[in-house]
Amino acid sequence: MMQLKTADRLNGIGEYYFSQKLREIDALNKEGKAIINLGIGSPDLPPHPDVIKTLQEEAAKPNVHAYQSYKGSPVLRKAMADWYATWYGVDLNPETEILPLIGSKEGIMHICMTYLNTGDQALIPNPGYPTYSSAVKLAGGEPVSYELVEALNWEPDLDALDKTDLSKVKLMWVNYPHMPTGQVPSAAFYARLIAFAKKHQILICHDNPYSFILNDQPSSLLAVPGAMEVVVELNSLSKSQNMAGWRIGMLAGAKDRIDEVIRFKSNMDSGMFLPAQLAAAKALQLGADWYASVNDVYRRRRKLVFELLDELNATYNPEQVGMFVWAKIPDQYKDGFEMSDAILYGANVFITPGGIFGSAGNGFIRVSLCSPEEKLKEAMERVRKNSGGWKKG
Ligand SMILES: Cc1ncc(COP(=O)(O)O)c(C=O)c1O
């Protein structure tokens, strides 16, 4: 086989943790272990039936199969703007202030590619979604992590950041409700964040995919007065509409920002399948009963996950929101990796080690709510039967 050197931009970028770990889990399954995977946040429930029906009906039409607009279908853009107005109280011009995306993950890359030159810095949360730092690096920028601690409600210490040299910082990645800690944002913090961004002329990139999951008050950073000047916000249908595999997300922000990102994105892809866009528009029109039904399921599951964590002697904040439960590991483990492996190899249950979200997550584990109650009960049985070091005393 030809030896081919990969581009320098891949230096330090490993394979995505889950893609590697899933191979290990696959190998265990082949040995007959039937691992219960409580790792990834990929909703196991289907979208609303009307969404599927729209996709089917639209896909059967002869004239929907061509390339689509780089800016997305006007129907979808309007549905996205209406959704922002209805749920977040944010008025967006569907023509100019909304850009449909093939999932918010690609939006993270687009934003980094649009704004970062070699040597530019981007602030990223530790712990946080790993894609922020890889996208910054792939774009040639330098990720500078800001640590989040429980004592400060997992909010960045803006006063401390203010005292550091921010001259090379162009972007700041922020994500509330925060994954992995489940922290909800406070209005006071959002106001301070906007002031901080204005003072330092930093573009705040807010990633907001979890606002509807087990959260009574969905909010957008764009609702804060003055935010449009310094914020772009990513949103997604993956979690709140159970459409992770459809790959539909959005970017919201000022016209100038959207135009800038389109300059990059329109060179990367050629739009999304129109029936999928029309079905997504349908999904965004669903009412409060949809979100309530999804959350009923997650609430029941979360109760079981709390019990599982009690059994594992891990502690957690019961007020957290989102699609996961974040928990502190008991003292006998060096870190979450060690505990995760003890549970994987001792009880055939996979739980994500908090350290994959950054060093500040080392003492934690994260349990996904994307498994049915029967699986969670079985996980509990397995954990109870096994004495893999997590028993009290
Ligand atoms: C914080 C955060 N942002 C973005 C994403 C990606 O979402 P999407 O499916 O819209 O690409 C995820 C997915 O797990 C996430 O946890």
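Sequence positions, counted from 1, serve as the residue numbers for this chain. Read the numbers this way: they start at 1 and go in the same order the structure lists the ligands and their atoms.
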Just let me know how Tyr176 lines up against ligand 1, side chain, backbone, both or neither, with a heavy-atom cut-off below 4.0 Å.
neither
Could you tell me whether Lys71 atom NZ has more than 12 heavy atoms of other residues or ligands within 6.0 Å of it?
yes
Under a 4.0 angstrom heavy-atom cut-off, which atoms of ligand 1 come close to Ser236?
8 (P), 10 (O)
Considering non-hydrogen atoms of the protein only, which is the closest contact for atom 16 (O) of ligand 1, and what is the distance?
Tyr210 OH, 2.6 Å
Taking 4.0 angstrom as the limit, do Glu97 and Arg257 come out as a salt bridge?
no
Classify the side-chain pair Asn242/His48 by whether it contains a donor and acceptor separated by less than 3.5 Å.
no
Looking at Tyr132, which atoms of ligand 1 are within less than 4.0 Å of one of its heavy atoms?
1 (C)
Using 30° and 60° as the class boundaries, would you call the ring planes of Tyr88 and Phe212 parallel, tilted or perpendicular?
tilted
Who gets closest to atom 11 (O) of ligand 1 by heavy atom: Lys239, Met323, Arg247?
Arg247
Glu338 CD to Tyr333 OH distance, which is reported to the nearest 0.5 Å:
7.5 Å
Within a strict 4.5 Å, meaning less than it, do heavy atoms of the Leu369 and Leu214 side chains meet?
yes
Nearest heavy atom to atom 1 (C) of ligand 1, choosing from Asp207, Asn235, Ile40, Ile102, belongs to Asp207
Please list, one pair per line, the donor and acceptor atoms closer than 3.5 Å that link side chains of residues 176-198 to other protein atoms, with sequence neighbours excluded.
residue, atom, partner, partner atom, Å
Tyr176, OH, Trp154, O, 2.5
His178, ND1, Thr181, OG1, 2.7
His178, NE2, Pro127, O, 3.0
Thr181, OG1, Gln183, N, 3.4
Ser186, OG, Glu155, OE2, 3.4
Ser186, OG, Phe189, N, 3.1
Tyr190, OH, His206, NE2, 3.2

Pro209 near ligand 1 by a heavy-atom separation under 4.0 Å
yes
Given Pro177, Gly103, Ser238, which one has a non-hydrogen atom that is nearest to atom 9 (O) of ligand 1?
Ser238
Is there a polar contact, in the sense of an N or O pair closer than 3.5 Å, between Tyr129 and ligand 1?
no
Against ligand 1, does Phe357 come closer than 4.0 Å with any heavy atom?
no
State whether the shortest distance between N or O atoms of Asn175 and N or O atoms of ligand 1 falls below 3.5 angstrom.
no
With a 4.5 Å cut-off on side-chain heavy atoms, are Ser238 and Arg247 touching?
yes
With Glu311, the salt bridge (Lys or Arg N to Asp or Glu O under 4.0 Å) member among Lys377, Arg382, Arg384
Arg384
For ligand 1, note which part of Glu106 has a heavy atom under 4.0 Å away: side chain, backbone, both or neither.
neither
Select one of side chain, backbone, both or neither to describe which atoms of Ser104 lie under 4.0 Å from any atom of ligand 1, heavy atoms only.
both
